[in-house]
Q: 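One structure is given below, represented as structure tokens, and several questions about it will come after.
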Amino acid sequence: MSDIVSIIQRVLGEVDLVLGWTATGAGGVAAPDRFQTAAEAERAVFNATCVHNLAVHLPRLKDKTVGIVAKGCDSRSVAQLIQEREIDRDRVKVIGVHGLGGMIDVRKIWRLHGYGVPVDARIDSLFIDGREVDRKEYLRQKCLGCRDTVPVVHDKLFEAQGPPITGIAEAATVEAILPGTGLGASLTAAEAMSAAGEDESRPLSELFANMNPTERRLFWREQYSRCIRCYACREACPMCFCRDVCIMQTTDPHWTGAGVDAGEAEMMQLIRVNHLAGRCTGCGECERACPVGIPLMLLMNEQNQVIEDLFGYRAGTDPEARPPLLTFDIKGDSRSEK
Amino acid sequence: MKFLAGENIAELLERLSSRSEVWAPRELRGSGGTVMFERWRSGDPLDLEHFASISAKDMVLPRTEKLFGFSYAFGGAAVGNPFGTPAEPAAGTPAEPAAGARTAGESIRITAAEPAGNVVLFGARACDAKALDVLDALFGQTEGKGYNDPQYRARRAGLTVITLACLTSDPACFCSSFENGTAEKAGSDLILYPVDGGFLAEAVTPKGESIIESGVNSRDKDDSAREPGDGDPETGEAASGPTLFEESGLEMPVLAVTAMVEGLEGLRQKLAAIFDDLEFWQAETEKCISCGYCTYACPTCHCFNIHDEMRGDREGERLRSWDACMFHLYTQETSGHNPRPTLAHRYRNRINHKFSYYPENQGEILCTGCGRCIRGCPVGLDIRDVLRQAVEASAGPGEGGDR
Amino acid sequence: MRIGVFVCQCGTNIAGTVATDKVAEAALSMRDVLHAETLQYTCSDPGQRAIIDAVQKKGLTRVVIAACSPRMHETTFRRTIGQAGMNAYMMEMVNIREHCSWIHSDIDIATDKAIDLVQKGVARVRRQVPLYSTTVPVTRRVLVIGGGVAGIQAALDIADSGLPVTLVERGPTIGGNMARLDKTFPTLDCSSCILTPRMVEAKQHENIRLMVNAEIEQVRGYIGNFEVDVRKKATCVIEDKCTGCMICQEKCPGKAPDEFNAGVGQSKAISIPFPQAVPMVAALRKEYCRQFINGKCGVCKKVCPADAVDYEQVDEITTEMFGAVVVATGYELYDWREAYPDYGGGQYPDVVTSLQYERMLSASGPTAGHVQRPSDGAEPKQVVFVSCVGSRDESVGRPLCCSVGCMYIAKQAILTKEHIPDSQSYVFYIDIRATGKGYEEFTRRAQKEFGAIYLRGRVGKIYPSNGQLVVMGTDTLSGGPVEIEADLVVLATGFSAARGAGELARKLNISYDQYEFLSESHPKLRPVETTTGGIFLAGACQAPKDIPDSVAQASAAAAKVIGLLSRGEIETSPMVAAVDQLRCIGCFKCRDVCPYNAIEALELRDGRQVAKVIDTLCQGCGVCNVACPPSVVSLKGYTDNQLIAETMELLR
Amino acid sequence: MAELKLIGFLCNWCSYAGADMAGTARMKQPGELRIIRLPCTGRVNPLLILKAFQQGADGVLVSGCHPGDCHYNEGNYYARRRLELLSRMLPAFGIEPERFHFTWVSASEGARWADVVTQFTRKIEAMGKMSGAEQGTPPAKASCEAGVGAPDEQTGSEDAVPA
């Protein structure tokens, strides 16, 4: 860990502050921190609980030169922010983390072992309450199919030397896709989920894939019915930099009301999905921040896949690229003439 | 103390739900293990092990509630009848309105919100129940106290709280920092203490007593969902269900003691001392992303917004919904000026409101130590650290000492 | 808010299917509507006066008119409520005729729909704010692109009105395709005799500046003020010095294709296209010049008595402002070779295009008017004309009619007989389209007086046999196959848009069709305007047409230009985008998508960069409104809230 | 009141004019569709379509100028991308993609417009009303049902009565 400290200390010579992590967050796991002096940087760590996408702070620190420790996935947010001219490449120093072996789902540990249980989440091993466990069991869902092991933009590289991520991705795809369930539209969303084979071992995305549109509609109604309109999904998103002029809350335009209603919460998420089209880097912070556990990434992942299929584009992989919805191709669009 | 067998919980809820809505903690499907207080219906599972992510203040201060509905009504008759020739107003049509007057014949109809029904909150914790007591101080559970919010009062009056006492805690809990901690009884009507095979039941209020004494020892007469053989509704004969609460000589279990935050005495003065130390507040909030989760999950945060929502141009509702002081828009003025322009300003207000202003105005600390804001914070911000550091900073030499 | 609703009966056009009184009655229950009435013909003078009366007596502040399509009468009623003292934009039309009464027969369905539409209109007008036009001064100079007959005509007409004109021609001379024609139908006037004086007039006109060998590089700006970069291509000849003596052409050893003569005959690397060229200035084509290919020759430079040859010359780009643009880029012949392998695909030298034949007939052509077939120079006795090659032919994807083929075949058949009295012409045709003045008579003359034999049918195949060509076709009138042995086959090839028309259209921000013919704003009522204000069309660049039509359209375009620029300043549409700068986050996605470069960055006093719409550039498409994440770029008249309200009302 | 609720967003220059032409030619069409006029399909916010579905539309039709024919040259190209993405996302939102149709109708294609409307209406008729739309929020907790609406803007100075 002294490695990350010295890298941060070196970068501090070039910037006003560095965004990184300290070990002493709530629950005894890493929490975001910022360092302005070499002494402060002594408390910097990097371990498998450094899940936060620190890029969310960059648009708020435009008046400063900022160093940022960025995992591969985080670096896509940085790249996307640069592409959208939201931040100036010259004013950001990226310490890219290379060679991660996937990050740990602390919430899962807490759920199974109690909040605040001592966790030693190293890059290559995991100890819960002093006992080593199989870290693959506790990897974050989003890390399982990681395609971003190499930071897109970086000025310095921090070699984390974790286990190869490809092995993890393979290990994760053990469950076969479930056959169609032939569900009738009369089922409630909960019933649909049960019938679709809801159990711990099956990721929600598979259940979702097995639902027909009506079932999904009911599924989302149920999911959205518990939305408390806290806007954490938006605030946690590095790409949601409209901040206080976000159209989820304005009356001009008045796309959605401020009431708590599944329909309005649905509209709110539709706005988010729409606004992040071609911009979402799939970091998953919205879903992680959601206090009521709405699986927001189901929609984001779907849209990211559709955009990749349609336009061959992945947001945040090229700071110079022209985003697909801000341009067009007279002839080359995949859409067939109707 | 009466004893309630663990296997009778479902029957208890069944009976309670015959005359009230019952809300109880449950893990939600597809939520990645989120536990929330949800409407309980027969057969629904319970999760009495995990702590609900969002507090129970929903019961008295819904996330959104309709204050009233309104619609624009029109009495204007057609002008120039029969249609086809423009003509002077027909007889009976109001005279042409004066310049600036309302549209002829327009009136607004108000429809009251439906009255709140009875609700039983099952499985709250002492910190949740205490929070209701804290809110009562503002919203006016009793005459002459608070500002007597009628909707709040109606909901509060119809609410029965069955609390589950805490024998264990987690590192985020810090209720013991305030008065009675896990032994707090305020706000609860009935407290269930986990013991071997079930719970010891302690009635705190007459509502709680009535549950033990009469209300649920037999099925309710008006239970429309009764099974055959449950008794004759016409005769009012008691249903032949089992007796749920039995006499017991079991000993009270030992309650958990949660983390303490030291140095909270005189916190008002200490916070006042660092009020102007904006650097302090900036340092405390630098990792905050102002998501507002802490305020929404908090059992005592109660700021709300009132807004009209139109459906079409003719009708709408006036709604009250939760707001959060961590949002930029919270104090945004129409002019564009915001007196609390930064996160640091807003967080300072949050802390001061909880530990200074509310105690000063309402006589209660606006925090019960439930720890939700700590457990769920996406960036791992711990309010206890802030309090500790505030205490420390206020003691520091020359730091805003003259405040 | 005080809204008046006027429901038009349009005689029985609307009232026949829509219960207009019910619609008016329903309107009175809509929010803020305090006046509703039906009118027999709202657009009539009494109808308009009724609106003005109601507005003034009732103090209406917004008006909804349920009548015909807003595309028909929106402007009319804007003027009406303007006369009533209201802002012209506080009016909304809903279409209960074309979109309702005329397409439904059930009165209940149509009436319900009409009420819904009025409700939608009320919701929309409630959210309308007054809009105000702005005016911009115009540049009183005109750009004409293309120096064919249409461009020349437009330039002359405009120049005659006193406006300075720059006439830009891509080739080395003006005159266009008409200069290559021998005679014109139906009068058989000598084409150059009538065109050359106009060319010279254009050259000499005090208000016309001629730029040949020049192309449009880039166009910025908007109606009234276009900023145009023109690339003057290097020709290695100093235009001012060249006297047109043609000695260089004579001495030049570099052979080059003769484009003016449509490939019939040969030209030189340095040449003047034809003796009547305007300007009479040589141009050097580097790709055929030995000096440039081998690095040694220099003959032309040596022989030039005026010292006008300059091998070092480079392209020059000049930038000028214009108030209006006339596009007259014309046509070229469809390249038939690939699509018609059965006609030899260009393999048989004696299968020629109509333009090649025109040059063969012309006294100023390479054969000095003696018709000689290309293969052996013999005079053809049997000439077969094949109509509609690359026209009216779905099988090659060109269903359009070239509109002049029938006529020029008749002309060429007549000329053939005149040139070779013992010749026989055959014409394979689909229909004879001769709709102009004297045209029908002309085609009759070709048959009756000049003995051309017309066969109704397509030609299936052309193949060589014994030094001749066999043309296999069908005669659908006699019902049998026909084979004709021909000495020469002339293909009446269709029209294509000039090469690069689409590219130019994109530079000009105007539309074009699948053939790259440029699109007029309205096929009936705005035939010379384009969809971009200040840009007009003349001649065959819009669609195939003959000389009189081209000239007429050129004069029409000229009239439009003169009318536009006579005002000195122009009013712009107020239905443009606007930015709420207080809420703009400065992401500039609006600028990324704007088709008109109508968005610029503005620095506020606090240093924030925000977007600003240049009103006069914005055309009001609203693409930016959708691209703007916080929707603070808003299209006036079509704001999010207006569209949301309309949607909501329809779904109540 | 028509049973099905169908909304059409049409660009002013091509499809609205095409619909006018169909009307002028008296081409009978089913009566469910309600048309909203916009300057360009480039002005069609995908959210508008989602809003319509969310508010109970059974089908949404968007029609604009053919590619290359846009009055604003490029608007429909942007729309093409935006709406193609939308239509592919609809199943994930729980909306049958067949309920949304995006097409091109020029000002001269009146017959085609009538055909588009008829086919689309028949298709939605066959699918029936959107299921699940009637199921609102679970009661009690959220007491306001579908309380969405446009704001009640204040009237501007224009509303002062002209003298």
Side-chain angles (χ1 to χ4, degrees), chain C residues 1-2 55-56 59 61 69-72 84-87 90 95 97-100 102-106 109-110 112-113 116-117 120 123 126-127 129-130 506 509-514 519 523 531 575 593 595 619-623 625-627 635 638 640-641 643-648 650-651, chain D residues 1-2 5 7 9 12-13 16-17 19-29 31 34-40 42-48 51-52 55-57 65 68-75 78-79 82 107-108 114 117 148-151 153 155-163:
Chain C
M1 209 175 287
R2 305 163 68 83
V55 167
Q56 292 175 342
T61 57
S69 172
R71 292 175 56 85
M72 178 80 75
M86 290 172 61
N87 180 284
M90 301 301 273
N95 186 343
R97 193 178 75 174
E98 285 88 342
H99 290 191
C100 190
W102 277 353
I103 58 168
H104 303 308
S105 29
D106 183 307
I109 286 177
D112 275 352
K113 183 169 177 177
D116 273 6
L117 294 176
K120 175 195 82 146
R126 288 188 73 244
R127 288 155 180 83
V129 294
R506 288 195 292 276
N509 259 329
I510 59 178
S511 325
Y512 52 94
D513 66 17
Q514 54 188 312
S519 302
T531 49
M575 292 174 102
V593 298
Q619 301 294 308
C621 66
V623 172
N625 199 155
V626 181
L635 180 59
Y638 293 95
D640 280 9
N641 273 356
L643 298 174
I644 293 167
E646 283 183 88
T647 308
M648 298 282 291
L650 292 178
L651 295 169
Chain D
M1 194 57 67
K5 294 189 166 185
I7 298 216
F9 295 102
N12 177 54
W13 304 99
Y16 195 93
D20 279 359
M21 191 184 183
T24 309
R26 314 296 201 274
M27 294 170 179
K28 297 292 179 232
Q29 297 156 39
R34 305 282 183 267
I35 291 170
I36 291 176
R37 183 168 74 126
L38 301 126
C40 178
R43 176 67 189 90
V44 178
N45 194 328
L47 287 174
L48 203 54
K51 181 87 181 167
Q55 291 294 313
C65 307
D69 253 3
C70 178
H71 180 80
Y72 305 100
N73 306 306
E74 299 176 356
Y78 287 109
R82 291 167 179 165
S108 57
V117 176
V148 191
E153 295 99 332
T155 62
S157 58
E158 182 66 14
D159 288 303
V161 177

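This structure is a prediction, so every number in the text was calculated from the model and none was measured. Here is how names work: the chains are called A, B, and so on, in the same order as the sequence lines, proteins then strands, and each is numbered from 1.
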Q: Judged by atom type as modelled, is there a donor-acceptor pair below 3.5 Å linking the side chain of D:Tyr78 to the main-chain atoms of C:Val593?
A: yes
Q: Could you tell me whether a side-chain N or O of C:His104 sits under 3.5 Å from a main-chain N or O of D:Gln29, the two making a donor and an acceptor?
A: yes
Q: Run D:Arg37 and C:Asn95 through side chain to side chain contact (heavy atoms under 4.5 Å, CB included) and show every step you take.
A: CA-CA 10 Å; D:Arg37 183 168 74 126; C:Asn95 186 343; over 6 Å; no
Q: Below 4.5 Å, heavy atoms only, C-beta onward: do C:Thr647 and D:Arg34 meet side chain to side chain?
A: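 Contact flag for C:Thr647/D:Arg34 side chains = no.
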Q: Do D:Leu48 and C:Val626 have side chains that approach each other closer than 4.5 Å (heavy atoms only, starting at C-beta)?
A: no
Q: Does any donor atom in the side chain of D:Asn73 or C:Arg506 lie under 3.5 Å from an acceptor atom in the other side chain?
A: no
Q: Which atom names give the shortest non-hydrogen contact between C:Leu650 and D:Ile7, and what distance separates them?
A: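 For C:Leu650 and D:Ile7, the tightest heavy-atom pair comes out as CB-CD1, 3.8 Å.
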Q: Quick check on D:Tyr16 against chain C: is it the side chain, the backbone, both or neither that has a heavy atom closer than 4.5 Å?
A: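 Looking at D:Tyr16, backbone and side chain both touch chain C.
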Q: Measure the CD-CD1 distance between C:Glu98 and D:Ile35 for me, rounded to the nearest 0.5 Å.
A: 11.0 Å
Q: Between D:Gly31 and C:Ile109, what is the shortest heavy-atom contact and its length?
A: CA-CG2, 3.8 Å
Q: C:Met72, C:Glu646, C:Arg97: which one forms the most heavy-atom pairs within less than 4.5 Å of chain D?
A: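 If we count pairs closer than 4.5 Å to chain D, C:Glu646 comes out on top.
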Q: Check each atom of C:Ala110 against the heavy atoms of chain D and say whether the ones under 4.5 Å are side chain, backbone, both or neither.
A: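 Neither part.
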Q: I'd like to check C:Val623 versus D:Tyr72 (side-chain heavy atoms, cut-off strictly below 4.5 Å). Are they in contact?
A: no
Q: C:Asp640 versus chain D, heavy atoms under 4.5 Å apart: side chain, backbone, both or neither?
A: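 Both backbone and side chain of C:Asp640 come within 4.5 Å of chain D.
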Q: Is there side-chain contact between C:Arg71 and D:Asn12, with heavy atoms separated by less than 4.5 Å?
A: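 The answer is yes; the side chains approach within 4.5 Å.
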Q: Measure C:Lys113 against the heavy atoms of chain D and call it side chain, backbone, both or neither at under 4.5 Å.
A: both
Q: Give a yes or no on whether the backbone of C:Met648 and the side-chain of D:Lys51 come within a donor-acceptor separation of less than 3.5 Å.
A: no
Q: Please walk me through it: do C:His99 and D:Asp20 pass side chain to side chain contact (heavy atoms under 4.5 Å, CB included)?
A: CA-CA 6 Å; C:His99 290 191; D:Asp20 279 359; 2.8 Å; yes
Q: Check whether D:Cys65 gets within reach of chain C through its side chain, its backbone, both or neither, counting any heavy atom under 4.5 Å.
A: neither
Q: Checking D:Val117 against chain C: side chain, backbone, both or neither under 4.5 Å from a heavy atom?
A: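 Neither part.
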Q: If you tally heavy-atom pairs under 4.5 Å against chain D, which of C:Ser105, C:Pro523, C:Gly620, C:Pro70 wins?
A: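 So the answer, after comparing C:Ser105, C:Pro523, C:Gly620, C:Pro70, is C:Pro70.
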Q: Roughly how far, to the nearest 0.5 Å, is the CG atom of D:Leu47 from the CG atom of C:Leu643?
A: 12.0 Å
Q: Under 4.5 Å heavy-atom distance to chain C, tell me which part of D:Ile36 shows up: side chain, backbone, both or neither.
A: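 It is both, since atoms from each part get that close.
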Q: Relative to chain C, which segment of D:Ala25 carries a heavy atom at a distance below 4.5 Å: side chain, backbone, both, or neither?
A: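 Contact with chain C is absent: no heavy atom of D:Ala25 under 4.5 Å.
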Q: Need one label for C:Ser519: side chain, backbone, both or neither, based on atoms under 4.5 Å from any heavy atom in chain D.
A: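 Answer is side chain: those atoms of C:Ser519 sit under 4.5 Å from chain D.
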Q: Look up atom CH2 in C:Trp102 and atom CE in D:Met27, then write down how far apart they are to the nearest 0.5 Å.
A: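 If we round to the nearest 0.5 Å, C:Trp102:CH2 and D:Met27:CE are 13.0 Å apart.
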Q: Quick one: closest heavy-atom pair of C:Cys621 and D:Arg43, and the distance?
A: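 It is O-CB, 3.5 Å.
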Q: With sequence neighbours excluded, tell me which residues meet side-chain hydrogen bond (donor to acceptor under 3.5 Å, both in side chains) with C:Asp513.
A: none
